[in-house]
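Everything on this sheet refers to the single structure shown next.
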2 protein chains.
Amino acid sequence: MNTLAEENYLKAILNISFNTNKKVSTNEISNVLKTSPASVTDMLKKLLEKKLVEYEKYKGVELSNSGKQYAINILRKHRLWETFLVEHLGFNWSEVHEIAEELEHIKSTKLIDKLDAFLGYPKFDPHGEPIPNKEGVIPNVKSTSLDQMEVGFAGHVLGVTIDDKLFLDYLTKLNIKIGTKIEIIQKIDFDKSLIVRIENIQNHISFDVAKNILIKNN
Amino acid sequence: MNTLAEENYLKAILNISFNTNKKVSTNEISNVLKTSPASVTDMLKKLLEKKLVEYEKYKGVELSNSGKQYAINILRKHRLWETFLVEHLGFNWSEVHEIAEELEHIKSTKLIDKLDAFLGYPKFDPHGEPIPNKEGVIPNVKSTSLDQMEVGFAGHVLGVTIDDKLFLDYLTKLNIKIGTKIEIIQKIDFDKSLIVRIENIQNHISFDVAKNILIKNN
DNA sequence: AAATAAATTTAGTTATGTCTAAAAATTTTT
DNA sequence: AAAAATTTTTAGACATAACTAAATTTATTT
Ligand SMILES: [Mn+2]
Ligand SMILES: [Mn+2]
Ligand SMILES: [Mn+2]
Ligand SMILES: [Mn+2]
């Protein structure tokens, strides 16, 4: 078995590579985990030793097959727990990430399979993020981030790509949740911000916000 | 906040003092936690520093008020999670202790309060052990261990005092669960073992087994 | 193609929590 | 009340996972 710190590194590498499709750099990992680059280097050596990553110094890192399977399983646990917290315990979507950061490290496979069954084998978590199944297969839904849509576009929110509390509380204040209809009224070239209509109320949102909102891809 | 190791020591001290009502010795703790006596001494110094225990060297240890509250809260979390696992995920009573050993360290107070509500504020866990409430009050039920009852006694199982897998699986094989009616047919003086009738089947159980079965106290 | 800047690694340190072996204190036996 | 046995503590070591500061490598400018 791997330690909690090792699991957090594996998950961080997986999450970063979902976005970039390149080898992951030491600095990217240190930013995500809020540790020093030197600590990251130390850990990468250990993960290499365990054959959970492919790593050459100064060249970046990627997960090995076994490392990837392991990381996906942590992601599965994270998202199933988030689903439980929202659906059954009545948490709102901005509160669950932090708690799931702890719950995802509970080891029992039987527990997570029974939880999965209890939840009815959900395919998406409360943020619209896909939940890997027992075999590690991640449901694939074609989606585009809101910032890439054109003026005049109207569609429904499929999910978000980060589950940071500040971000989600802000969305809630804007009346945006999964399924909300959003229309793009105008795009500001200068800062790439958007003027949008949400439930018939007009609002101005930044590029950074739009980038993290996913829209169904027809 | 305290570390996982500190929490385990606090809980161990609480559990031991439930049985003995005396100051807890270094060796008792090392037996429960399967660590060396030297490690226990190290940790007791740290807990003393944090004022979670009262401790003088060579004199044994007891929990301070704050240490006791803290330990009771871990016990509360342990037993609520065990209840969830049995009642909602379909685990049997012998499987849940090990998993709850991990779940009891999840920090969020809001989580445990919502779980408590979800479960309907249970007073006893799947082993018949009392669940402390939010204020740290432990339901008090008068009970006696089976070994203390006389020949001719007949009554119902209220709970067990350990939740070791081997013990619980053995009870299940004997057809003993919470509520099961047990009659004492005979007591063997030599080894204090008992011949009992369980659901109309006669069986011979050791003193060690009888000692850990609780019977309602009229 | 140097020079400069940025990213990464190495070296050395620290805190936690464990261990074994040896020393010291306490308890039990004679 | 000594001696012996047991318990507990101390001393010294080790693994994990972090850090800062310095050195090295790679990337970017000039
Ligand atoms: Mn999350
Ligand atoms: Mn999520
Ligand atoms: Mn238990
Ligand atoms: Mn229990």
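Residue numbering restarts at 1 for every chain, and letters A, B, ... go by the order of the sequence lines. These values consider heavy atoms only, across backbone and side chains, with no hydrogens, waters or symmetry-generated copies.
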- Task: Kindly check if the number of other-residue, nucleotide or ligand heavy atoms within 6.0 Å of NZ (B/Lys114) is above 12?
- Result: yes
- Query: Taking only side-chain nitrogens and oxygens of A/Thr35, does any of them come within less than 4.0 Å of OP1 or OP2 of D/dA18?
  - Reply: no
- Using the six-membered ring wherever Trp is involved, compare the ring planes of B/Phe118 and B/His88 and label them parallel, tilted or perpendicular (cut-offs 30° and 60°). tilted
- Message: Taking any heavy-atom pair under 4.0 Å as a contact, classify B/Ala5: base, sugar-phosphate, or nothing.
- Response: sugar-phosphate
- Rounded off to whole Å, could you give me the NZ-to-C1' distance for the B/Lys22 and C/dT27 pair? 13 Å
- Message: In whole Å, I'd like the distance from the CD atom of A/Glu6 to the C1' atom of D/dA15.
- Response: 12 Å
- Message: Is a donor from one side chain sitting under 3.5 angstrom from an acceptor on the other, for B/Asp125 and B/Thr83?
- Response: no
- Note on the structure: A/Leu4 meets the side-chain contact (heavy atoms from CB on, under 4.5 Å) criterion, sequence neighbours left out, with A/Asn8, A/His105
- Query: Thinking salt bridges, do A/Lys22 and A/Glu62 make one under a 4.0 Å N-O criterion?
  - Reply: no
- Query: Can you check the B/Glu56 CD to D/dT8 P distance for me, whole Å?
  - Reply: 14 Å
- Task: Figure out the NZ/P separation between B/Lys50 and C/dA15, and round it to whole Å.
- Result: 14 Å
- Tell me: CG of A/Asn2 to P of D/dT16, nearest whole Å? 12 Å
- Selection from C/dC19, C/dT18, D/dA18 that lies nearest to any side-chain heavy atom of A/Ser39: D/dA18
- Message: Would you say A/Thr3 places a side-chain N or O within less than 4.0 Å of OP1 or OP2 belonging to D/dT16?
- Response: no
- Is the B/Trp81 ring parallel, tilted or perpendicular to the A/Trp81 ring (thresholds 30°, 60°)? perpendicular
- Query: Are side-chain N/O atoms of B/Asn92 and B/Ser94 paired as donor and acceptor at under 3.5 Å?
  - Reply: yes
- Whole-Å distance between D/dT9 P and B/Lys45 NZ? 8 Å
- Item | Euclidean distance, atom CG of residue B/Asp42 to atom P of D/dA13 [Å, nearest integer] | 15 Å
Could you list the protein-to-nucleotides 1-8 of chain C atom pairs, N/O on both sides, closer than 3.5 Å?
from: C/dT8; atom 1: OP2; to: A/Asn27; atom 2: N; distance (Å): 2.8

- Task: In whole angstrom, give the distance that lies between atom CG of B/Leu44 and atom P of D/dT10.
- Result: 11 Å
